There are 2 protein chains.
Amino acid sequence: MADIKTGANPLFLREEELRQCIELLFFAYRDFTAGPDEILKEYNFGRAHHRVIHFIGRNQGMTVSELLDILRITKQSLSRVLNALVEREIVEQRPGVVDRRQRLLYLTEEGKKLEQKISTIQRNQVAKAFVEAGGDAVAGYRKVLSGLINEEDREKALSRILER
Amino acid sequence: MADIKTGANPLFLREEELRQCIELLFFAYRDFTAGPDEILKEYNFGRAHHRVIHFIGRNQGMTVSELLDILRITKQSLSRVLNALVEREIVEQRPGVVDRRQRLLYLTEEGKKLEQKISTIQRNQVAKAFVEAGGDAVAGYRKVLSGLINEEDREKALSRILER
DNA sequence: AATATAAGTCAACATGGCTGACATAAAAAC
DNA sequence: GTTTTTATGTCAGCCATGTTGACTTATATT
């Protein structure tokens with residue numbers, strides 16, 4: 001089957017392979033967000049809330065600017081979601097000590113619980129995929145996905161992920 | 001740095017590693033959709049149109065039901081996007097020959113051009129990441145992402161991706 | 001002839017993006 | 001010490017894209 005293509009036109013196979021990998025990313029992302037969505041729905045939260053909870057959880061005490069830079073949305077968009085989370089006592093804001101203009105972001109105890117609940121699902125899902133795929137595969141996964149991150153801020157993103 | 005964690009609590013490292021891999025997926029997906037978004041904006045299309053164009057392009061003559069099943073959205077949501085694409089002569093609908101209730105979906109010549117334009121960007125982006133990461137990494141990437149797809153329809157999704 | 005299926009439509013609503021304009025407090029620069 | 005910049009927030013309105021529910025039409029299946 002592949003022989004025909006390989007023999008006749010290796011570039012076609014390459015294109016085909018690339019397209020497959022693109023689709024794989026679509027399907028994986030689609031199914032990877034489905035689990036959290038269910039739980040969030042119980043709380044009347046959406047995917048936007050999830051992202052905020054996730055990154056604050058990973059980065060307690062981060063500033064609003066930092067969060068905006070990660071999410072790549074406007075502050076008006078963030079504000080809606082963030083205010084809802086503060087109101088529901090999932091997220092807490094404290095003025096910065098060195099720069100009092102800043103409102104540093106923290107998960108409350110309840111927020112931590114929710115974060116834990118959601119992220120456990122995702123971690124189990126990833127863990128399962130990792131076990132099935134094996135350690136080398138995980139390394140490959142990391143390499144490729146790192147390479148997909150925009151070059152200009154790859155280091156920024158990766159250091160945010162890794163320096164912890 | 002990692003030594004402390006490794007020695008003291010290997011489970012923490014594992015959780016940490018999993019969290020990193022989750023974030024990697026977020027950042028990669030974020031930056032992977034940025035390129036197409038720019039082009040689509042010129043046409044006044046959005047990501048929803050992109051998905052439709054992509055899957056029809058990959059699967060000329062597919063039915064509406066099949067497309068709905070892939071996208072996991074309601075037919076009402078799809079209809080808005082699909083009608084726009086038909087009106088703009090990007091997508092064409094032809095009645096099925098064996099089952100005339102079906103409206104089989106095809107990209108027009110113009111649609112193919114647009115699809116090509118968008119997908120070239122993404123393929124280049126993926127190709128670059130693959131070259132940087134190496135062949136083994138690509139295999140790992142595929143394994144892990146396959147594992148992230150919902151088990152119930154993994155075969156369906158994968159066969160759709162691979163049987164071509 | 002009755003029922004089920006593929007597809008479409010109308011209407012109303014929710015979520016989460018966006019822009020633009022403006023406000024406030026605190027830090028930094030002059 | 002006054003001016004300017006920065007971090008954050010807010011109001012108002014728009015757009016894209018998802019949802020549910022109710023109903024229609026044509027065709028296939030039973």
Side-chain angles (χ1 to χ4, degrees), chain A residues 26 29-30 33-34 36-56 61-88 91-106, chain B residues 26 29-30 33-34 36-56 61-88 91-106:
Chain A
F26 167 81
Y29 197 84
R30 182 194 70 178
T33 48
D37 284 355
E38 272 182 58
I39 293 183
L40 291 157
K41 207 172 179 181
E42 294 169 24
Y43 288 75
N44 267 309
F45 290 143
R47 209 168 282 181
H49 302 85
H50 178 204
R51 289 194 282 264
V52 169
I53 291 169
H54 171 91
F55 284 108
I56 296 178
M62 78 192 306
T63 68
V64 172
S65 307
E66 279 167 350
L67 185 52
L68 284 173
D69 187 43
I70 289 178
L71 297 176
R72 298 276 165 84
I73 59 174
T74 60
K75 60 177 175 174
Q76 295 93 324
S77 297
L78 176 58
S79 124
R80 213 170 6 206
V81 173
L82 196 51
N83 287 338
L85 290 171
V86 169
E87 192 142 330
R88 294 274 295 276
V91 168
E92 195 185 342
Q93 295 181 295
R94 300 182 213 150
V97 263
V98 347
D99 184 339
R100 288 181 308 177
R101 289 172 303 180
Q102 299 175 332
R103 310 288 171 88
L104 307 185
L105 303 168
Y106 296 87
Chain B
F26 167 81
Y29 198 84
R30 183 195 70 176
T33 47
D37 283 355
E38 271 182 59
I39 292 183
L40 291 156
K41 207 172 180 184
E42 294 169 25
Y43 288 75
N44 266 308
F45 289 144
R47 211 169 280 182
H49 302 85
H50 179 203
R51 289 194 281 264
V52 170
I53 291 169
H54 171 91
F55 284 107
I56 297 179
M62 77 191 306
T63 68
V64 172
S65 306
E66 279 167 349
L67 185 51
L68 284 173
D69 186 44
I70 289 178
L71 297 176
R72 299 276 165 82
I73 59 176
T74 60
K75 61 178 173 173
Q76 295 93 324
S77 297
L78 175 60
S79 124
R80 209 168 10 202
V81 172
L82 196 51
N83 287 338
L85 290 171
V86 169
E87 191 143 332
R88 293 274 295 276
V91 168
E92 196 184 344
Q93 294 182 293
R94 300 183 213 150
V97 263
V98 347
D99 185 338
R100 285 181 312 177
R101 289 173 303 181
Q102 299 176 330
R103 308 288 170 89
L104 307 185
L105 303 169
Y106 296 87

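Proteins get letters first, then strands, A, B, ... in listed order; numbering begins at 1 in each. Since this is a predicted model, take the numbers as computed values, not measurements.
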A cation-pi test, strictly: NZ or CZ of Arg94(A) under 6.0 Å from the centre of the six-membered ring of Tyr106(A) and no more than 45 degrees from its axis. Yes or no? yes

Does Glu87(B) CD have over 12 foreign heavy atoms under 6.0 Å away? no

Start and end of the DNA chain C segment that chain A contacts, any atom under 4.0 Å from a heavy atom: dG16(C) to dA27(C)

Is any side-chain heavy atom of [Y] closer than 4.5 Å to one of [X]?
X	Y	result
Phe26(A)	Arg51(B)	yes
Thr63(A)	Leu104(A)	yes
Thr33(A)	His50(A)	no
Arg47(A)	Asp37(A)	yes

Name every residue in residues 94-103 of chain B that has at least one heavy atom under 4.0 Å from any atom of DNA chain D, in order of residue number, or write none if there are no such residues. Val98(B), Asp99(B), Arg100(B), Arg101(B)

To the nearest 10 degrees, how far apart in direction are the end axes of the helix from dA1(C)-dT30(D) to dC30(C)-dG1(D), each fit to five base pairs? 30°

Does any residue of residues 36-43 of chain B have a heavy atom under 4.0 Å from DNA chain C, and if so, which ones, in number order? none

Going by number, which of residues 66-80 of chain B have a non-hydrogen atom under 4.0 Å from DNA chain C? Lys75(B), Gln76(B)

Asn44(B) CG to dA16(D) C1': how many Å, rounded? 11 Å

Quick note, salt bridge (charged side-chain N to carboxylate O under 4.0 Å, His left out) partners involving residues 72-85 of chain B, not counting sequence neighbours, are Asp31(A)-Arg72(B), Arg72(B)-Asp153(B)

